[in-house]
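A short write-up of the structure that comes next.
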Amino acid sequence: MAAQPESRTAAARPGTGELAILRELEKKVLWLASWTIHNANHLRAAADGLKVGGHQASSASLATIMTALYFRTLEPQDRVAVKPHASPIFHAIQYLLGRQSRDKLERFRGYKGAQSYPSRTKDTDDVDFSTGSVGLGVAQTLFSSLAQDYVRAHGWGLERPAGRMVALVGDAELDEGNIFESILEGWKQGLRNCWWIIDYNRQSLDAVIREGLWARYEALFRAFGWDVVILKYGSLLEAAFAEPGGAALQSWIDNCPNPLYSALVFQGGAAWRKRLLDDIGDQGAVTGLIERRSDEELGRLMTNLAGHDLPALIEAFGAIDHDRPTCFICYTIKGFGLPFAGHKDNHAGLMTPTQMEVFRQALGVRPGHEWDKFEGLGVPAAEIETYLQQVPFAARQQRRLRPPPIEVPETLAVAIQPVMSTQTGFGAILNEIGRAPTALAERIVTTSPDVTVSTNLGPWVNRRGLFAHQAMADTFRKERIPSTFNWDFSPKGQHIELGIAEMNLFILLSALGLSHAITGERLLPIGTLYDPFIARGLDALNYACYQDARFILVATPSGITLAPEGGAHQSIGSPLIGLAQDGLAAFEPAFVDELAVVLAWALAHIQKDDGGGGPSERTWLRDEIGGSVYLRLSTRPIDQIKRPMSDELRQGIIDGAYWLRRPGPNCQIVVAYAGTVAPEAIEAVGLMAEDRRDVGLLAVTSADRLNAVWTAAHRARERGLVHGRCHIERLLAEVPANCGIVTVIDGHPATLAWLGAVAGHRVRPLGVEHFGQTGSIPDLYRHYGIDANAIVAAAQAIVPGRPIRHLTALP
Ligand SMILES: Cc1ncc(C[n+]2csc(CCOP(=O)(O)OP(=O)(O)O)c2C)c(N)n1
Ligand SMILES: [Mg+2]
């Protein structure tokens with residue numbers, strides 16, 4: 001294994017001059033972060049009596065670590081996920097480096113100001129990975145490291161040095177299970193170049209954490225092949241331990257319970273003295289050690305943990321001379337340097353104006369000069385400025401990369417069988433793509449949490465192989481045992497096989513889907529899973545979308561249509577997730593020709609660049625700026641329609657709906673269906689057509705896009721674009737006002753129920769509201785009321801005039 005990433009030079013200990021500058025920067029960072037929060041709460045928000053919060057204590061515990069990292073250790077190619085509540089520290093550092101504006105800081109947590117938690121998309125100061133939902137940003141660094149390895153193993157981006165993916169982790173954050181899932185996966189995949197720096201302040205949001213957790217962490221990380229560095233005591237304490245009586249002091253502090261330590265930190269020097277003398281005072285060496293120090297000195301000594309000791313941190317970071325994953329357990333104090341340090345209730349604590357005033361005076365910051373970068377520093381401004389200009393991390397101007405898109409043909413080839421499921425169609429399309437040596441085929445990377453074969457990725461994997469650092473041949477093939485699948489691993493493979501953890505799937509997709517911005521090399525990630533298990537990783541999916549990672553999610557099988565697979569696997573709510581999830585365009589095609597159109601569109605859509613601006617506020621649509629795509633597919637083979645793919649049909653499929661049977665002028669019933677219930681909708685329309693003329697059949701390929709464009713049209717009209725009409729409005733304009741619409745989907749009926757609001761038609765939405773029964777598809781469609789009979793009965797109930805004649809013939 002390579003020793004160090006190429007460009008990295010062994011970091012020497014900082015000299016006294018440099019250390020003096022770094023110490024000033026550390027103070028400045030803490031001041032600016034605290035002032036940012038104070039300003040937002042006491043000055044800006046005071047006008048409307050609103051406190052906006054800001055977690056002064058939680059940020060403070062990382063001030064020293066982040067000073068060491070950003071101003072000394074990190075290189076431009078390194079990427080960092082900053083613990084959510086350290087956001088003010090991050091913004092302060094970027095401000096000092098000239099990458100954050102005072103205006104944004106002044107509006108911290110306010111409209112379009114610096115964000116409460118670092119945000120890739122909403123902040124403007126170059127956030128590498130968003131955080132907020134604890135645990136996810138941490139795992140993101142691990143998977144970003146795998147994504148980087150994947151890119152480099154394919155021979156791309158080698159002109160740039162490999163970066164370290166660094167997470168600044170809250171100790172309570174380690175309670176999140178997704179972190180452990182990722183550690184296990186990282187071990188399997190040969191993780192490297194990943195650092196997790198644990199802010200071991202022994203406090204969570206509510207309380208002080210359990211004793212001895214560090215030992216569990218240490219054992220755990222080591223078990224998975226990580227290097228573990230424990231940074232406990234700072235240089236002052238280390239020196240004191242070496243004094244006469246120091247051993248007793250060390251033993252006392254080693255055994256001090258976390259809550260007591262925290263309480264003493266809060267109480268300060270005099271309390272330390274009393275407690276220490278009571279516990280270990282000996283009228284000899286130990287007492288001498290304590291009494292030689294003033295209250296203030298004793299307080300400083302007893303809180304001198306390594307996580308607040310710049311030289312110790314810089315040395316520890318610089319000493320890592322390998323690329324194995326490394327976990328630093330850094331002892332810190334929550335709120336260090338601030339008056340509520342150590343108090344168990346300090347999580348959301350804010351300093352009072354009086355406390356802030358004391359802090360200001362201590363740092364020599366004059367009123368009116370709070371935002372001045374060099375105010376009150378003990379080193380000449382010019383020296384600090386020169387230092388800041390050569391900080392390695394800030395050397396590369398453009399850290400967010402924008403490679404050009406990979407070309408995607410308008411149509412993807414696929415041999416459509418007369419009877420076929422969308423899932424089989426998906427496998428067949430990918431297989432076709434995999435045949436040709438195109439850039440498109442090369443840049444696709446697939447992944448699946450142990451459902452590769454059962455989601456039909458098998459043919460693609462046979463062609464393109466599995467990814468691993470080291471080649472590993474398929475033993476079954478070597479032994480000449482017949483098998484449908486070729487399970488060969490190599491560094492050139494294009495499928496990343498994951499263990500069964502959907503959280504990992506989504507965070508890997510998030511990492512692969514940011515490869516263009518992080519490594520400068522575009523990947524086209526496609527992840528597959530069973531539709532119901534989206535729920536298992538939903539927060540991670542939301543997280544991936546939130547930070548604008550780009551990927552295609554193929555969820556199959558879905559609904560109750562997976563019938564014999566069992567009730568436990570049925571999904572109801574996922575179409576609503578597709579409808580509601582920001583940044584994710586959801587489709588539920590019924591036919592394979594639709595799927596081919598959608599997939600081609602999706603491969604282009606995930607590559608669109610928003611230029612950093614987000615969607616146009618006029619419409620809020622993502623068509624121009626791109627996003628991720630979710631395809632809800634099915635294992636149900638259905639009769640395919642033989643038809644040419646016209647431009648109009650293609651556009652309808654992409655826009656979300658088209659008439660499979662156009663309603664006539666006397667139309668009284670329209671059936672609007674989505675997805676795999678197409679045969680039932682077609683059958684019902686056929687039955688009703690015997691009695692009623694002009695029955696319409698609307699094929700909905702994307703309730704999500706239809707709905708989004710409809711909302712956007714309203715928005716645009718309300719903003720003055722009076723003539724704008726959207727796709728669904730145009731489609732339903734043909735439908736007479738007294739016509740009823742029956743909607744049907746193998747999913748929650750609310751997905752399509754809103755169609756009635758478009759032009760005021762009466763709607764009876766059919767769908768699935770309960771689940772869990774096994775059976776054949778006809779059994780279940782009848783049971784849950786989405787078969788042809790149910791559609792006809794629903795039509796009967798809302799259609800004007802005499803009963804639909806055929807109804808009497810139905811069982
Ligand atoms: C998934 C999730 N659950 C809950 C929260 C609310 N929350 C924010 S910070 C926090 C505690 C964090 O403790 P720790 O990670 O130790 O950081 P510290 O505050 O000590 O710096 C909690 C529960 C969240 N942000 N995300
Ligand atoms: Mg904590």
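Order of listing sets the numbers, starting from 1, for every ligand and every atom in it.
Nearest-heavy-atom check against atom 3 (N) of ligand 1 across E176, K334, H55 picks out E176.
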Handout entry: Stepwise salt bridge (charged side-chain N to carboxylate O under 4.0 Å, His left out) test for E24 and K28
Key = CA-CA 6 Å; E24 294 299 318; K28 197 80 222 166; over 6 Å; no
Practice task
Decide side-chain contact (heavy atoms from CB on, under 4.5 Å) for I89 and I93; before the verdict, give the C-alpha distance in whole Å, the side-chain angles of both, and the deciding distance to 0.1 Å.
Solution key: CA-CA 6 Å; I89 297 282; I93 289 173; 4.0 Å; yes
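W195 and F328 have perpendicular rings, their planes meeting at more than 60° on a 0 to 90° scale where under 30° would count as parallel. Ring planes of W196 and F221: perpendicular class, angle over 60° (limits at 30 and 60°).
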Quick one: side chains of residues 334-341, donor-acceptor pairs under 3.5 Å with protein atoms, not counting sequence neighbours, listed by atom name and distance.
| from | atom 1 | to | atom 2 | distance (Å) |
| --- | --- | --- | --- | --- |
| K334 | NZ | S204 | O | 2.7 |
| K334 | NZ | H347 | ND1 | 2.7 |

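Annotation for D123 and G113: closest pair OD1-O, 4.3 Å, computed over non-hydrogen atoms. Residues A555 and Y630 share a closest heavy-atom pair of CB-CE1, 3.6 Å.
The single protein non-hydrogen atom nearest to atom 5 (C) of ligand 1 is V134 CG2, 4.5 Å, given as residue, atom name and distance. Looking from atom 9 (S) of ligand 1 to the surrounding protein, the closest heavy atom is H85 CE1, 3.1 Å. The protein heavy-atom contact nearest to atom 13 (O) of ligand 1 is A172 CB, 3.4 Å. Scanning the protein heavy atoms around atom 6 (C) of ligand 1, the nearest turns out to be L205 CD1, 4.1 Å. The protein heavy-atom contact nearest to atom 25 (N) of ligand 1 is G132 O, 2.9 Å. The protein non-hydrogen atom at the shortest distance from atom 16 (O) of ligand 1 is D171 OD1, 2.6 Å.
Taking the six-membered ring where the residue is Trp, the centroids of F533 and H569 are separated by under 6.0 Å.
If you look at the Mg ion (ligand 2), the protein N, O or S atoms less than 2.8 Å from it are D171 OD1, N201 OD1, Q203 O.
For atom 22 (C) of ligand 1, a protein heavy-atom neighbour is found at a distance under 4.0 Å.
Enclosure of atom CD in E211 by more than 12 non-hydrogen atoms of other residues, nucleotides or ligands within 6.0 angstrom is indicated.
Salt-bridge annotation for D128 and R399: present, with a side-chain N of the basic residue lying under 4.0 Å from a carboxylate O of the acidic one.
Between K83 and ligand 1, at least one pair of N/O atoms sits closer than 3.5 Å. Taking any N or O of D539, backbone or side chain, none lies under 3.5 Å from an N or O belonging to ligand 1. Between S58 and ligand 1, at least one pair of N/O atoms sits closer than 3.5 Å.
The cationic atom of R536 (NZ for Lys, CZ for Arg) does not lie both less than 6.0 Å from the six-membered ring centre of Y530 and within 45° of the ring axis.
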